[in-house]
Amino acid sequence: MKSFIKLIFTLFLSINMLFVKADEGMWLPMLLGEATYKNMVECGIRLTPEQIYNANNSSLKDAIVALGGGFCTGEIISDQGLLMTNHHCGFGTIQANSTTEHDYLTDGFWAMTKEQEIPADFGVWFLNNISDVTDKVLKGLKDNMSEQQRDSLIRSNSNALKKSAKEGRNKEDFAVQVKSFYYGNLYYMFTYDIYNDVRLVGAPPSSIGKFGGDTDNWMWPRHTGDFTMFRVYADKENNPSSYNENNQPLKPKHSLPVSIAGVKDGDYAMIMGYPGSTNRFLTSWGVKEAVEIEQPARVKIRRVKLDIMDEQMSKSQKVRIQYASKYARVSNYWKYFIGQSEQLVNNKVADKKQNIESSFTAWYQKNKLEKEYGQALNLIQNATESSSKYIIPKVYFQEAVVGSELILFMYRNLGPRTPLYNALKTGEGVSKAKEALLQKAESYFKDYNATIDENTLASILSLYANDVSKEFQPELLISLNEKYKGNFKKFASNYFSKTPFKSYKLFKEWINNDKLSTKAIEKDVVFQLMNQFLAVYRTKVMLPKSSFDSDYNKGMRLFVDALQKMGMNKASDANSTMRFTYGNVLPYDPADAVHYDFFTTLEGVMQKEVLTDDKNHEFYVPQKLKDLYEAKDYGPYARKEDGKLPVGFLSNNDITGGNSGSPVINAYGELIGTAFDGNWEAMSGDIYFEPNIQRTISVDIRYALFIIDKYAGAKHLIDEMNVVSERHIEEKSSKDEKQDMPEAVPSMR
Ligand code: ARG
């Protein structure tokens, strides 16, 4: 009987575990508490907390970097500084180095020796130290302070902390951040070493690295080989250095072993990386605003911009290369916003938020905490609703106005406070400023097409004039609208027929004219428009909008603090700081009667293939890949189960933009995949995590290695890695044993 009760109890616990298992949560690595670690052990981890994060000795965290401070994540996979990330993260570098003669986008790029590697234009950030500075940041705070006083005290305390941490350090290769967590309830300080000499090592052709294109983006089943490799260089002492021929490959504190032993349903999977931002505490009013106002506006403007680029890109190979990266950037979040609005509705997120808000109200009433928390939701609701009229002008400025390359170029290079403007104003350093700007202009015009820019200018002006209420329209826009009777195409074509800002040659003549003055710049009508747009944005949009921020922030701080106290123990929203998320390799059911397996194979690539000569078609399959498929020449990278070549897999990890390129790590600290996307059914996930259907999509590392080895013939790169080809002994035995606390894994360096 006793054992029967024990059995029931054990069953209950293990069923329960399925549901309590933390799949939601982007956790701060140094806060790896006992409860979280226990959950990780239940999921199957065999590493100790110190092997994951250790401030003093090398640990997993030392192999993880933020690219350019956080646009993507990368992981070190050899003791020579080899770095793995996504193809879409390396896309900018691949694009910038492509020409019609050397089209690395279409053909891929493989450095067969270190000399052939190509310098990239971003650095990688290694996390150095994290410390809790909440007391120091909140020092001097008084209950009766206004939100503004509070903000400015927090800002000056943070700045003082940063200043002292930076003392004696070089700002090129050392960074300090103080960041707020849980809406100002906690503060942490982060320091980073920045290595700025990073070089492109290998990238598959887009027909592999971007296979499926926009059609498959944000979706499963997926067959994209979304990986690219770089190498990090250091000076002779292994210290950070800007690009220098004599630099040496970095000797990292830690590099991830690479496992080609395969992934199975239920395997432990952990991701460490730099998620950019989530809005998991957004209230029902915020959800409504996103669905009804903000996201549709973003989608509409982005579609217009994409169609304009598309038209020219399809006509010319040169333009296609020039705009590949700009296009991908706009289209990725164009589709994201469509999916997010759609799934916020499908997944009934507003209702779920209302339930949380009701529990919150019931909680503070029950505990007689009206005085502390009673105003929170009102503050949030009022601030959200009263500031909603600023959403459209804000979005139209950010997406449409700044979406004009011409306007952005003027803002960055000719506007007040730019070096050239100042030099012309004071008469000092003019030729130096001109020279510096000419250099910038040269790379700007390398990837510039005047027809696209002209059509964009016409479209964004007419979008703004038609969709944004008059009170937020610059006077000049109103008068141009009248003068041209709404025909901004005519305006743009008149302007572009005369402007010097449409080619490097004309720009050079313009800037080298001795009579160039600030007056001449100010006479330009688009320059005037730019200034007026900026003034409206600052004074009529963001300033009045910010008067609601303090109410909003205060309400959120209280609301989020209470949720923690209520035991709704969520991780803090992503904010481009290092996080880890743990869970398991897992399939899902997207709809009634529909089951999605957790992995894809090369069979699926062949099924999706569209026969065409257009190597840039989303579903073009290169001949070499087809040959390898026909010959089943998969080397050691095939699935042991059925001999097929694995391509992608799913896990229930919690990631978002910025995590792209993050390592998927098994129970033993080995790399099994590189994360690159989320799935369509859970596109609302940045606002509300959906445990049953939310998945991370990753490239199986075996597919990446197969492409490097068999497709590209770059076996020397694999030889650099520490490749593990067998599953660990415990992995092969029963799953239940996973629940014991593990011994440290000896192979960890
Ligand atoms: N959705 C992916 C992300 O945001 C990017 C995928 C890039 N692929 C593409 N077809 N644009 O991380």
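When a ligand or atom number is given, it counts from 1 through the structure's own listing order. Sequential numbering from 1 along the given sequence is applied to the chain's residues.
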Pairs under 3.5 Å, N/O atoms on ligand 1 and on the protein: can you put them in a table with the distances?
from     : atom 1 : to     : atom 2 : distance (Å)
ligand 1 : 1 (N)  : Asn217 : OD1    : 2.7
ligand 1 : 1 (N)  : Asn332 : OD1    : 3.0
ligand 1 : 1 (N)  : Asp677 : OD1    : 2.9
ligand 1 : 1 (N)  : Asp677 : OD2    : 3.4
ligand 1 : 4 (O)  : Asn332 : ND2    : 2.9
ligand 1 : 10 (N) : Gly213 : O      : 3.1
ligand 1 : 11 (N) : Asn217 : ND2    : 3.4
ligand 1 : 12 (O) : His88  : NE2    : 3.1
ligand 1 : 12 (O) : Ser660 : OG     : 2.7
ligand 1 : 12 (O) : Phe676 : O      : 3.1

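Within the cation-pi definition used here (under 6.0 Å to the ring centroid, within 45° of the axis), Lys210 qualifies as a partner of Phe91.
Between Asp447 and Lys326, no side-chain nitrogen of the basic residue sits less than 4.0 Å from a carboxylate oxygen of the acidic one, so the salt-bridge criterion is not met. Taking 4.0 Å as the cut-off between side-chain N and carboxylate O, Arg280 and Asp654 count as a salt-bridged pair.
For the side-chain contact (heavy atoms from CB on, under 4.5 Å) test, residues two or more places apart in sequence or in another chain that qualify with Pro622 are Ser207, Ile208, Tyr620, Leu625, Tyr711.
The two residues Thr106 and Asp103 make their nearest non-hydrogen contact at OG1-OD2, 2.6 Å.
Atom NZ of Lys318 sits in a sparse spot, with 12 or fewer heavy atoms from other residues, nucleotides or ligands closer than 6.0 Å.
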